[in-house]
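Positions are given from 1 along the sequence.
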Amino acid sequence: VDLALSHNPDVTAARFSMETGKVSRDQAKAALLPSVSGNVSRALYNGKSINPYTNEYVNQQYTADNYGLNASIVLWHGSSIMNYLKQSNLDYEASRMSYQQAKDEVTIQVILSYLAVLNQAEQLRMARGQTEVTRQQVARLEVLNQSGAIAPSDLYDMRGQLSANELTGLATRNALESARLDLIQLMNIPY
């Protein structure tokens with residue numbers, strides 16, 4: 001089950017969705033905080049250009065520096081920030097529950113698939129046992145048929161039963177392989 005939970009793509013997608021919801025929730029919380037930004041710029045003028053301070057043509061080299069600092073805080077925005085925070089908290093909780101549901105579903109599917117493998121293995125064991133019993137009966141009837149103690153139709157009926165039992169064994173073996181494949185696919189590991 002642990003292997004399936006760590007490799008199953010549905011569980012992985014649900015976990016990523018939950019982590020995305022957590023990031024959105026953290027961003028909504030951060031929207032309540034004040035913001036501060038700053039900038040610095042320097043321009044180098046060389047040759048004939050316009051002086052930005054006097055708006056005259058000059059033919060010299062000079063530099064111009066700009067510095068800026070901005071700060072802002074939202075005092076009230078029609079309660080939209082608080083409502084967005086509530087929405088993002090609920091979205092995160094929903095994605096967390098979806099992740100748990102995906103884990104629970106995969107756990108149940110793995111358990112059921114494992115039980116199906118065990119059941120098919122037991123069915124195959126029983127089918128092989130029945131085939132062996134029928135094979136022994138065919139051998140006994142062949143001896144009786146050679147001595148003329150039974151009708152030949154009894155031998156042919158038992159040979160038909162042997163073929164049917166072998167076919168059942170083959171179908172059961174295929175069902176076992178199919179159940180194993182289903183389990184491997186749930187765990188998302190190489191077959």
Side-chain angles (χ1 to χ4, degrees), residues 1-122 174-191:
V1 171
D2 291 337
L3 189 63
L5 292 177
S6 64
H7 288 88
N8 189 280
D10 294 335
V11 174
T12 303
R15 187 179 75 240
F16 287 151
S17 177
M18 180 188 71
E19 290 172 2
T20 301
K22 184 177 180 183
V23 169
S24 295
R25 182 190 66 177
D26 292 343
Q27 285 177 338
K29 286 180 182 178
L32 296 172
L33 300 174
S35 66
V36 176
S37 65
N39 62 3
V40 176
S41 68
R42 170 169 265 206
L44 176 64
Y45 299 98
N46 194 12
K48 189 173 184 176
S49 60
I50 296 177
N51 185 334
Y53 303 110
T54 62
N55 206 22
E56 298 177 348
Y57 282 104
V58 291
N59 193 9
Q60 65 183 25
Q61 178 179 356
Y62 66 95
T63 59
D65 296 327
N66 289 317
Y67 304 96
L69 181 64
N70 297 320
S72 67
I73 185 169
V74 176
L75 297 176
W76 189 75
H77 197 264
S79 299
S80 66
I81 294 175
M82 292 306 293
N83 288 335
Y84 180 65
L85 180 59
K86 289 177 187 177
Q87 176 189 357
S88 63
N89 278 331
L90 292 174
D91 287 345
Y92 171 66
E93 286 301 315
S95 64
R96 195 173 59 79
M97 289 179 191
S98 294
Y99 174 57
Q100 184 62 44
Q101 179 185 5
K103 288 187 346 183
D104 292 344
E105 286 175 355
V106 166
T107 300
I108 290 170
Q109 289 174 348
V110 166
I111 291 169
L112 291 175
S113 292
Y114 181 70
L115 291 175
V117 168
L118 292 178
N119 182 41
Q120 291 300 327
E122 181 62 22
N174 289 341
L176 173 62
E177 289 303 313
S178 178
R180 285 180 180 164
L181 182 61
D182 289 343
L183 180 62
I184 294 297
Q185 285 176 340
L186 279 172
M187 296 189 308
N188 199 23
I189 58 175
Y191 184 65

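- Remark: S41 engages N66 in a side-chain contact (heavy atoms from CB on, under 4.5 Å) (not counting sequence neighbours).
- Rounded to the nearest 0.5 Å, atoms OG (S98) and CG (D10) are 12.0 Å apart.
- Closest approach of L186 and V110 over heavy atoms only: CD1-N, 3.9 Å.
- Side chains of V40 and D65 form no contact here, defined as non-hydrogen atoms less than 4.5 Å apart.
- The CG atom of L85 sits 9.5 Å away from atom CG of L90, with the distance rounded to the nearest 0.5 Å.
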Between N39 and N70, does a side-chain contact (heavy atoms from CB on, under 4.5 Å) hold up when you go through it step by step?
-> CA-CA 9 Å; N39 62 3; N70 297 320; 5.5 Å; no
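- Annotation for Y57: atom OH does not count as buried by contact number, only 12 or fewer foreign heavy atoms lying within 6.0 Å.
- Panel note: side chain S178, backbone N174; no donor-acceptor pair is recorded below 3.5 Å.
- Separation of atoms CG (L183) and CD1 (I111) is listed at 11.0 Å; rounding is to 0.5 Å.
- Applying the salt bridge (charged side-chain N to carboxylate O under 4.0 Å, His left out) test to pairs two or more places apart or on separate chains, those with a residue in residues 96-118 are E93-R96.
- Residue P9 comes nearest to N188 through the heavy atom pair CD-ND2, 3.9 Å, listed as atom of the first residue, atom of the second, then distance.
- With a 4.5 Å cut-off on side-chain heavy atoms, M187 and Y114 do not count as touching.
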Atom pairs and distances, donor-acceptor, side-chain atoms in residues 11-33, under 3.5 Å, two or more places apart:
residue: T12; atom: OG1; partner: N8; partner atom: O; Å: 3.0
residue: T20; atom: OG1; partner: F16; partner atom: O; Å: 2.9
residue: S24; atom: OG; partner: T20; partner atom: O; Å: 3.2

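- Going from atom CG of N83 over to atom OG of S88 covers 10.5 Å, rounded to the nearest 0.5 Å.
- Considering every non-hydrogen atom in both I73 and P34, the closest pair reads CB-CB, 4.0 Å.
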